[in-house]
Chemist: 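Sharing a structure here in structure tokens format.
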Amino acid sequence: MNYQLILDEISQEIQPLLHEGKVADYIPALADVNKNQFAMSITLFDGTTHNIGSTNELFSIQSISKVFSFTKALKIYRISLYNRIGKEPSGNPFNSLVQLEYEHGIPRNPFINAGAINVTDSLISHYKDASMAYEEVLSFIKAISEESSIYSNEIVANSEMLNGYRNMALANLMKSFNNLDNETKEVVQTYFKQCAIEMNTKMLSRSMLYLANRGVDPITNIRYISEPQAKRINAVMLTCGHYDASGDFAYKVGLPGKSGVGGGIVALVPNLMGICVWSPGLNEQGNSLVGTKALELFTTKTGLSIF
Ligand code: GLN
């Protein structure tokens with residue numbers, strides 16, 4: 001298949017949509033990002049990559065990081081992780097408080113904010129130190145993307161902390177239900193640091209290969225997680241990776257995927273490739289508007305959906 005030609009076509013076809021969507025201005029440090037940007041990368045199992053647009057541009061990975069922290073926590077705690085978080089779609093916005101109250105502080109899944117904050121808490125408890133927990137997530141990301149230069153943008157993390165009332169509320173609510181071990185501020189700060197990690201589409205498409213290949217990185221042959229765990233992470237990405245638009249994403253794209261409010265979306269084609277698309281304009285559910293369209297065009301043109 002001529003992937004490069006398909007990426008070129010997609011890049012042409014999404015142009016009229018680039019002015020649509022809204023950047024994540026609830027994080028002031030992200031409010032000034034230029035909406036008219038687009039990048040898309042795919043990485044195949046032999047390391048071949050195809051790229052279009054600003055694929056060297058670093059952006060805030062935000063909730064894409066939840067895939068990596070969930071991977072770490074699932075590997076450590078196995079099914080006991082589900083004593084504290086669920087694995088069902090929430091059908092609610094990513095930062096909603098309502099469901100968390102009537103479900104007694106147990107977040108629906110690891111990809112909504114409450115769930116990811118809870119996962120971060122579980123990692124802090126395991127490593128007995130917040131910065132150690134963060135460093136472990138960061139070094140995992142560096143390993144799976146084979147990129148040692150990755151860092152977290154302190155300005156973005158601090159900007160989120162200064163305005164993080166809702167995430168603090170989620171953490172406090174979980175704490176009130178005895179479903180958070182550590183101090184809420186420390187947990188939320190660590191979560192923001194992880195969200196503020198910056199990567200480009202090349203690195204992120206590369207980082208998805210362990211999930212596309214049943215837990216083993218096909219380039220380095222390193223096993224990061226077991227095959228059943230990889231299957232489950234993919235399932236949660238498919239059903240929960242786009243919050244209350246997860247059904248829409250499955251319907252239009254048909255791949256396991258995870259979005260972030262920085263405008264990135266990672267996805268993977270099982271047994272074949274990792275994908276990442278980036279465009280900062282978001283739709284109403286906080287997912288990249290152009291990114292979703294580009295992935296829809298990709299699976300339509302290639303026939304490479306899981307359905
Ligand atoms: N750091 C962001 C927040 O907590 C992540 C949200 C997202 O990417 N959906 O609001």
Side-chain angles (χ1 to χ4, degrees), residues 21-31 33 58-70 85 89-97 99-100 107-121 123 134 137-138 141 152-174 180 184-199 201 204 207 236-237 239-246 248-249 257-267 276-292:
K22 186 173 165 288
V23 298
D25 56 6
Y26 77 97
I27 303 174
L30 295 182
V33 175
L58 297 173
F59 59 89
S60 199
I61 70 170
Q62 293 295 324
S63 288
I64 294 173
S65 67
K66 295 170 181 174
V67 177
F68 309 127
S69 54
F70 178 43
I85 49 171
S90 67
N92 275 298
F94 62 83
N95 54 8
S96 170
L97 279 150
Q99 196 171 45
L100 192 62
R108 271 288 171 103
N109 66 65
F111 292 156
I112 51 172
N113 285 11
I117 291 168
N118 199 292
V119 163
T120 297
D121 180 59
L123 292 174
Y134 163 76
V137 172
L138 181 65
I141 294 174
S152 173
N153 184 325
E154 234 174 272
I155 296 171
V156 175
N158 291 341
S159 165
E160 235 192 318
M161 195 65 209
L162 278 173
N163 297 277
Y165 301 108
R166 184 169 275 271
N167 284 308
M168 281 300 290
L170 291 168
N172 280 316
L173 194 53
M174 288 189 284
L180 209 81
T184 51
K185 194 171 171 204
E186 181 181 58
V187 177
V188 172
Q189 235 156 4
T190 310
Y191 161 76
F192 285 150
K193 214 166 146 189
Q194 166 203 308
C195 287
I197 288 172
E198 299 197 333
M199 294 170 76
T201 57
L204 280 164
S207 77
V236 181
M237 284 171 77
T239 55
C240 312
H242 286 72
Y243 322 112
D244 45 337
S246 297
D248 190 55
F249 187 81
K258 181 76 205 81
S259 63
V261 291
I265 302 178
V266 289
C276 180
V277 57
W278 172 61
S279 188
L282 307 177
N283 63 20
E284 275 182 15
Q285 290 83 18
N287 304 312
S288 172
L289 188 145
V290 166
T292 308

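Throughout, residue positions are numbered sequentially from 1 according to the sequence presented. When a ligand or atom number is given, it counts from 1 through the structure's own listing order.
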Chemist: Are the side chains of Ile265 and His242 in contact, using a 4.5 Å heavy-atom criterion?
Modeler: yes
Chemist: Just by distance, with hydrogens left out, do Asn287 and Tyr243 show a side-chain donor and acceptor under 3.5 Å apart?
Modeler: no
Chemist: Give the residues near ligand 1 by chain and number, with the criterion being a heavy-atom distance under 4.0 Å.
Modeler: Tyr26, Gln62, Ser63, Phe94, Asn113, Glu160, Asn167, Tyr191, Cys195, Tyr243, Gly260, Val261
Chemist: Give the C-alpha distance, both sets of side-chain angles, the deciding distance and a yes or no for side chain to side chain contact (heavy atoms under 4.5 Å, CB included) between Ser65 and Val137.
Modeler: CA-CA 9 Å; Ser65 67; Val137 172; 5.8 Å; no
Chemist: Decide yes or no for Phe59 and Val33: does some side-chain heavy atom of the first lie under 4.5 Å from some side-chain heavy atom of the second?
Modeler: no
Chemist: With no hydrogens and no angle check, do the side chains of Asp244 and Gln285 hold a donor and an acceptor under 3.5 Å apart?
Modeler: no
Chemist: With the side chain counted from C-beta on, respond yes when Leu170 and Asn167 share a heavy-atom pair under 4.5 Å apart, and no when they do not.
Modeler: yes
